[in-house]
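Here the structure comes first, spelled out in structure tokens, and everything after it is commentary.
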Amino acid sequence: MSDESDESLADRVERWMVGQMPIIQMHGGTSVVREADPESGEVVVELGGTCSGCGISNITADNIRRDLIMDFEEVDDVTVRTASSGDNGASTVEGGRGGELRHETESANHF
């Protein structure tokens with residue numbers, strides 16, 4: 001059995017998010033895979049950082065839902081949560097992508 005087949009669905013979805021949705025990080029947003037169950041086909045992704053309160057986060061969420069279902073044969077149901085605009089998203093980063101994401105509240109003011 002190869003190492004790739006040993007990789008969990010959550011790890012594969014995390015890697016997919018980095019590769020397919022770089023715009024999230026480029027704009028100061030964060031994404032964390034909260035659940036990925038290959039048995040039920042359910043995946044839960046949480047968006048934070050500048051995604052909170054972003055006017056197009058619903059479009060991003062729709063794209064994530066559609067593409068995950070198309071790209072992963074074991075995924076049947078995707079829930080994308082976005083933190084409320086009152087939350088700066090820091091809680092969504094813990095346990096996420098480790099060193100790849102750095103959440104700083106100042107980054108939201110880059111425009």
Side-chain angles (χ1 to χ4, degrees):
M1 199 177 242
S2 72
D3 287 340
E4 188 171 311
S5 62
D6 289 340
E7 191 177 24
S8 74
L9 178 60
D11 288 340
R12 290 186 293 128
V13 171
E14 287 276 1
R15 193 174 67 242
W16 180 91
M17 289 290 295
V18 171
Q20 298 296 314
M21 298 288 169
I23 193 88
I24 293 172
Q25 287 182 289
M26 288 168 45
H27 287 179
T30 59
S31 62
V32 175
V33 176
R34 290 295 186 194
E35 294 177 38
D37 186 341
E39 298 295 315
S40 69
E42 183 179 0
V43 172
V44 177
V45 175
E46 191 169 309
L47 303 178
T50 55
C51 293
S52 302
C54 173
I56 64 164
S57 63
N58 61 323
I59 295 169
T60 302
D62 288 344
N63 290 340
I64 291 169
R65 277 188 209 97
R66 181 193 67 229
D67 293 351
L68 279 174
I69 290 170
M70 286 175 52
D71 290 356
F72 291 88
E73 104 179 20
E74 64 268 58
V75 174
D76 298 316
D77 182 38
V78 178
T79 301
V80 180
R81 298 179 185 148
T82 305
S84 68
S85 56
D87 180 359
N88 68 12
S91 63
T92 64
V93 178
E94 50 156 27
R97 300 190 202 291
E100 291 181 42
L101 287 182
R102 301 259 187 261
H103 178 77
E104 299 173 13
T105 54
E106 296 80 40
S107 67
N109 301 320
H110 66 282
F111 286 112

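These numbers come from the heavy atoms of this one structure, side chains and all, not from hydrogens, waters or symmetry mates.
Distance CG/D62 to CD1/I56: 11.5 Å, rounded to 0.5 Å. Between atom CZ of residue R15 and atom CD of residue Q20 there is a gap of 11.0 Å, rounded to the nearest 0.5 Å. To the nearest 0.5 Å, atoms OG (S8) and CG (D37) are separated by 11.0 Å. One distance of note links OG1 of T60 with CG of L47; it measures 7.0 Å at 0.5 Å rounding.
Looking only at distances, no side-chain donor or acceptor of T79 sits under 3.5 Å from a matching main-chain atom of V44. Judged purely by atom type and a 3.5 angstrom limit, E42 has no side-chain atom pairing as donor or acceptor with the backbone of E35.
Nearest heavy atoms, S31 versus E14: O-OE1, 4.4 Å. In plain terms, the two heavy atoms of P22 and G19 that are nearest each other are CD-O, 3.6 Å. Nearest heavy atoms, T30 versus G49: OG1-N, 3.5 Å. In plain terms, the two heavy atoms of G29 and C51 that are nearest each other are CA-SG, 3.9 Å. For M21 against I64, the heavy-atom pair with the smallest separation is CE-CG1, 3.8 Å. The shortest heavy-atom contact between T82 and S52 is CG2-CA, 4.0 Å.
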Would you give me the side-chain donor-acceptor pairs under 3.5 Å for residues 67-78, sequence neighbours excluded?
unit_1, atom_1, unit_2, atom_2, d
D71, OD2, W16, NE1, 2.8
E74, OE2, R12, NH1, 3.4
E74, OE2, R12, NH2, 2.3

| query | How far apart are the C-alpha atoms of V45 and M17, what are their side-chain angles, what is the distance that settles it, and do they pass the side-chain contact (heavy atoms from CB on, under 4.5 Å) test? | reply | CA-CA 10 Å; V45 175; M17 289 290 295; 4.0 Å; yes
